[in-house]
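Hydrogens, waters and symmetry mates play no part in the numbers below; they use all other heavy atoms, side chains included. So that the names make sense, note that chain A is the first sequence line, chain B the second, and so on, each numbered from 1.
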Number of protein chains: 4
Amino acid sequence: MRLTAPLVDSDTERSRKDTEARPPASGARGRPRSEATDAAILDAAMAEMAERGYARMSIDAIAARAGVSKPTIYLRHAGKAELATAALAAFQQRALPRPTGDTRADLVAILRHLRRGVERPFGMAMIGTVLAEEAHTPELLSLFRERLVAPRRAALRGVLEAARDSGELREDADLDAAVAALVGAYYAQYLAGRPFPRAWPTPVVDVVLGGLCRRA
Amino acid sequence: MRLTAPLVDSDTERSRKDTEARPPASGARGRPRSEATDAAILDAAMAEMAERGYARMSIDAIAARAGVSKPTIYLRHAGKAELATAALAAFQQRALPRPTGDTRADLVAILRHLRRGVERPFGMAMIGTVLAEEAHTPELLSLFRERLVAPRRAALRGVLEAARDSGELREDADLDAAVAALVGAYYAQYLAGRPFPRAWPTPVVDVVLGGLCRRA
Amino acid sequence: MRLTAPLVDSDTERSRKDTEARPPASGARGRPRSEATDAAILDAAMAEMAERGYARMSIDAIAARAGVSKPTIYLRHAGKAELATAALAAFQQRALPRPTGDTRADLVAILRHLRRGVERPFGMAMIGTVLAEEAHTPELLSLFRERLVAPRRAALRGVLEAARDSGELREDADLDAAVAALVGAYYAQYLAGRPFPRAWPTPVVDVVLGGLCRRA
Amino acid sequence: MRLTAPLVDSDTERSRKDTEARPPASGARGRPRSEATDAAILDAAMAEMAERGYARMSIDAIAARAGVSKPTIYLRHAGKAELATAALAAFQQRALPRPTGDTRADLVAILRHLRRGVERPFGMAMIGTVLAEEAHTPELLSLFRERLVAPRRAALRGVLEAARDSGELREDADLDAAVAALVGAYYAQYLAGRPFPRAWPTPVVDVVLGGLCRRA
DNA sequence: TATGAATGAGTGTTCATTCAT
DNA sequence: CATGAATGAACACTCATTCAT
């Protein structure tokens with residue numbers, strides 16, 4: 001039974017659960033594990049981690065939220081850290097927008113996608129917790145990078161590379177720095193506690209694409 | 001007795017401790033409160049918070065690290081949250097570089113200053129913990145913004161405004177987006193797990209100042 | 001959540017434990033809660049409260065005395081106050097003597113019953129602690145009144161009312177004052193530190209009855 | 001400086017402080033101890049003990065209430081137990097009413113005096129705490145008996161003996177039981193949680209006296 | 001003499017984890 | 001397979017008492 005709505009959106013997909021610490025015995029003897037239970041646990045863990053942070057998230061709360069008992073969780077995951085990483089590994093963000101060939105519009109679309117993730121309740125807290133736990137549970141940060149950060153950066157980089165190859169950009173443009181500036185602007189703005197204007201992605205893209213200096 | 005080296009750098013200055021919940025009585029009666037103990041507690045708290053995060057940081061560990069007993073801490077700080085905020089408030093980053101009038105050099109200097117803060121051991125974990133604790137202990141994030149984030153943003157903005165006023169920048173430049181892109185690039189790069197090239201600030205400043213697009 | 005239990009039960013040593021803050025799930029799934037442990041905890045709590053008083057009674061000591069761990073206690077009782085009230089609620093004094101119709105003998109029998117309670121080791125200390133805690137933990141006193149004081153008063157009053165109805169006592173006899181004088185004599189004697197003579201109840205009953213009986 | 005009104009009434013007298021654990025050095029060298037401070041400490045201790053009970057009363061709170069520092073207290077009293085007993089020893093209740101020769105009126109007057117003590121805020125809590133602490137700090141109960149209980153019992157007994165000697169009472173009346181019934185009625189009524197009628201002492205005296213008086 | 005600072009030993013409570021059914 | 005019961009280790013915080021000024 002679901003106790004609360006899951007953190008993930010409806011168009012979220014769950015990836016294959018091949019990261020479990022305690023795989024079910026091969027052969028199909030006995031009652032098979034419920035896939036719905038598997039998913040409920042991972043959803044609950046993800047939600048708790050986002051809302052309360054890894055350190056504060058409690059197995060008890062996850063069990064209650066997923067509507068299962070604690071041993072049911074431990075049967076699937078070796079411990080708190082493994083549960084958290086499994087939840088993160090299973091988490092799939094919304095599909096990134098497909099590039100259209102219009103560089104500016106594509107960049108804005110990707111930043112809009114990022115914004116939805118960051119503005120989701122506790123989205124920044126989730127980023128915070130993986131950073132805060134780096135020393136204690138480094139897998140969280142690596143997984144976060146692999147699952148959430150890297151795809152977005154790749155998408156941005158793809159758009160920029162295409163633009164460069166088509167001659168839209170300067171040959172010597174540092175695309176790495178550009179990608180960092182584009183996505184980082186969100187983090188910086190949030191950390192500064194400043195409100196996001198309605199059409200926030202546009203000015204950022206404009207700055208990065210066009211620069212601040214007066215044209216010759 | 002100091003158990004560990006302090007987190008703060010040698011050129012760090014400690015700000016006035018006016019956030020204490022139980023201020024020492026004015027006048028000089030009785031045994032004076034040891035200033036070395038005051039500092040040791042705040043240093044230890046800051047270090048524990050950076051290394052383990054606010055949720056995991058324990059008063060016991062802070063007491064041990066500072067070489068004092070727990071009641072000595074509670075004499076000065078009303079609770080864990082107050083101790084953490086006091087440590088944050090007392091933490092003074094290195095002085096920001098003074099602007100020279102050379103826009104590009106000034107921006108690079110400020111970003112270099114930021115980089116030293118972020119690359120300090122557990123620097124990003126500190127940012128992570130204030131973000132992760134936003135729901136539970138919002139004072140941490142607001143204090144962090146006030147003490148660390150805002151001054152840097154103001155410095156960056158000052159340099160950019162001067163440049164705009166002197167005609168160096170386009171009149172319509174969105175300085176807010178530019179500041180976010182400049183400092184955010186660090187966060188994004190760290191979160192991506194990518195190494196920082198030797199002269200990292202330069203490409204970022206170049207992108208923001210000059211833009212990616214080919215000039216007309 | 002229930003703070004007090006209903007007024008059920010007449011003869012069983014331990015009343016039904018429906019005052020628990022975290023009741024066991026109905027149905028028989030999972031490991032059943034040990035009834036021996038339930039009882040051991042309540043007994044230990046009652047003993048500690050009588051011996052050391054509510055304020056001094058520690059969960060640690062109760063756990064040790066009951067031979068269980070502290071979380072085992074917290075599984076059953078929401079906190080120290082709830083544990084103490086549960087112990088008090090579960091405590092059942094010896095059954096009161098049944099009235100025989102002989103007024104004087106019945107009163108003496110009830111006072112003898114009271115005396116056994118008061119002379120039990122720490123019996124008066126138990127009364128003391130519920131009085132001392134009135135400001136801090138008023139449930140203790142109300143439960144004590146409900147479970148221990150009220151039944152005895154009712155029994156005494158019943159005997160006196162029967163005697164009055166049968167014409168043995170004066171019509172205008174103040175039964176309330178008489179009941180108070182009868183049971184209060186014990187408290188006063190104890191508080192005075194005076195030894196209880198062998199047949200103590202008899203003189204008290206004689207003093208009080210003499211005042212109530214119809215004059216010749 | 002007095003922080004709060006003292007528990008004791010204005011017509012309360014303080015007895016000689018010859019129970020101090022640490023008497024001042026003989027000879028009058030150095031600054032003499034302030035008698036006002038002595039009294040403030042004892043008043044504060046008495047009030048705290050009545051309000052919170054011996055176990056919960058804290059030296060810190062007493063110091064604050066008395067407007068002194070903790071070492072000032074420890075200079076005069078060897079520890080918490082000694083402070084509490086000193087406070088109790090120094091406590092003098094209102095003077096008992098002088099007997100007039102009218103037995104019934106004298107008894108009522110003494111019970112009225114008792115009632116004022118019992119109904120004083122925390123009066124019963126004070127009785128409770130000395131009972132609760134009997135195992136831990138038996139001096140409290142002995143002192144309470146000596147200072148508060150015994151004088152009242154003696155007064156009651158005096159009135160009754162005079163009445164017996166003057167032929168008002170039966171020769172064989174058990175005065176001990178009668179005294180216990182008279183004062184105990186208060187304790188019992190309070191413990192039962194029943195309200196005290198306006199003229200409460202009268203019915204109690206009537207019940208007890210009726211039993212003692214020679215029949216017509 | 002008096003102060004404020006400092007402390008060792010606890011307090012009630014919670015949590016990740018394992019056990020018994 | 002799944003449950004509820006049980007636990008060792010920790011947690012933030014407090015108190016009676018002593019120290020240094």
Checklist line | Comparing B:P32 and D:M57 on DNA chain F - which has the more 5′ nearest nucleotide | finding: D:M57

Checklist line | Residue closer to the 5' end of DNA chain F, A:P71 versus B:A61 (nearest nucleotide) | finding: A:P71

Within the structure, does a side-chain N or O atom of [X] lie under 4.0 Å from either OP1 or OP2 of [N]?
X     : N      : result
B:R33 : E:dG4  : no
C:R76 : F:dA6  : yes
C:R31 : E:dC19 : no

Spacing of [X] atom [atom1] relative to [N] atom [atom2], expressed in whole Å:
X     : N      : atom1 : atom2 : value
A:E35 : F:dC1  : CD    : P     : 14 Å
B:I41 : E:dA5  : CD1   : C1'   : 11 Å
A:R52 : E:dT14 : CZ    : P     : 12 Å
B:R29 : F:dA20 : CZ    : C1'   : 16 Å
D:L75 : F:dT17 : CG    : P     : 15 Å
C:D60 : E:dT14 : CG    : P     : 15 Å
C:H77 : E:dG12 : NE2   : P     : 14 Å
D:Y74 : E:dT1  : OH    : C1'   : 18 Å

Next item on the list: For B:A125, check side chain to side chain contact (heavy atoms under 4.5 Å, CB included) against everything at least two apart and list the hits.
Entry: B:F122

Next item on the list: List in chain and number order the residues that pass salt bridge (Lys or Arg N to Asp or Glu O under 4.0 Å) with B:E48, two or more places apart in sequence or in another chain; answer none if no residue qualifies.
Entry: B:R52, B:R65

Checklist line | With sequence neighbours excluded, residues passing salt bridge (Lys or Arg N to Asp or Glu O under 4.0 Å) with C:K70 | finding: C:D60

Check: If a stem is a run of at least 3 consecutive Watson-Crick or G-U pairs, both distances under 3.5 Å, which stems include DNA chain E?
Finding: E:2-21 with F:2-21

Next item on the list: Evaluate the side-chain contact (heavy atoms from CB on, under 4.5 Å) criterion for residues A:F91 and A:L143: first the C-alpha distance (whole Å), next the side-chain angles of each, then the deciding distance (0.1 Å), finally the verdict.
Entry: CA-CA 10 Å; A:F91 182 78; A:L143 264 168; over 6 Å; no

Next item on the list: Supply the atom-to-atom distance C:E133 CD to D:T129 OG1, rounded to the nearest 0.5 angstrom.
Entry: 8.0 Å

Check: Has the side chain of C:K70 got a donor or acceptor atom sitting under 3.5 Å from an opposite partner on the base of E:dT14?
Finding: no

Note to self: According to side-chain hydrogen bond (donor to acceptor under 3.5 Å, both in side chains), who are the partners of B:T72, at least two apart in sequence or on a separate chain?
What the structure shows: B:S69

Checklist line | Partners meeting side-chain hydrogen bond (donor to acceptor under 3.5 Å, both in side chains) with D:S58 (sequence neighbours left out) | finding: none

Notebook entry, point to check: Which residue lies toward the 5' end of DNA chain E, B:V68 or C:R56, if each is placed at its nearest nucleotide?
Noted result: B:V68

Notebook entry, point to check: Where each residue is assigned the nucleotide of DNA chain E containing its nearest heavy atom, which of B:T72 and C:K80 is assigned the position nearer the 5′ end?
Noted result: B:T72

Next item on the list: Just call it for B:S58: base, sugar-phosphate, or nothing, with non-hydrogen atoms closer than 4.0 Å on any strand.
Entry: sugar-phosphate

Item checked: Closest to the C:I59 side chain, choosing from E:dG12, F:dG4, E:dA6 -> E:dG12

Checklist line | Per D:S69 side chain, nearest of listed nucleotides F:dA6, F:dG4, E:dG4 | finding: E:dG4

Notebook entry, point to check: Is the closest basic N to carboxylate O distance between C:R76 and C:D38 below 4.0 Å?
Noted result: yes

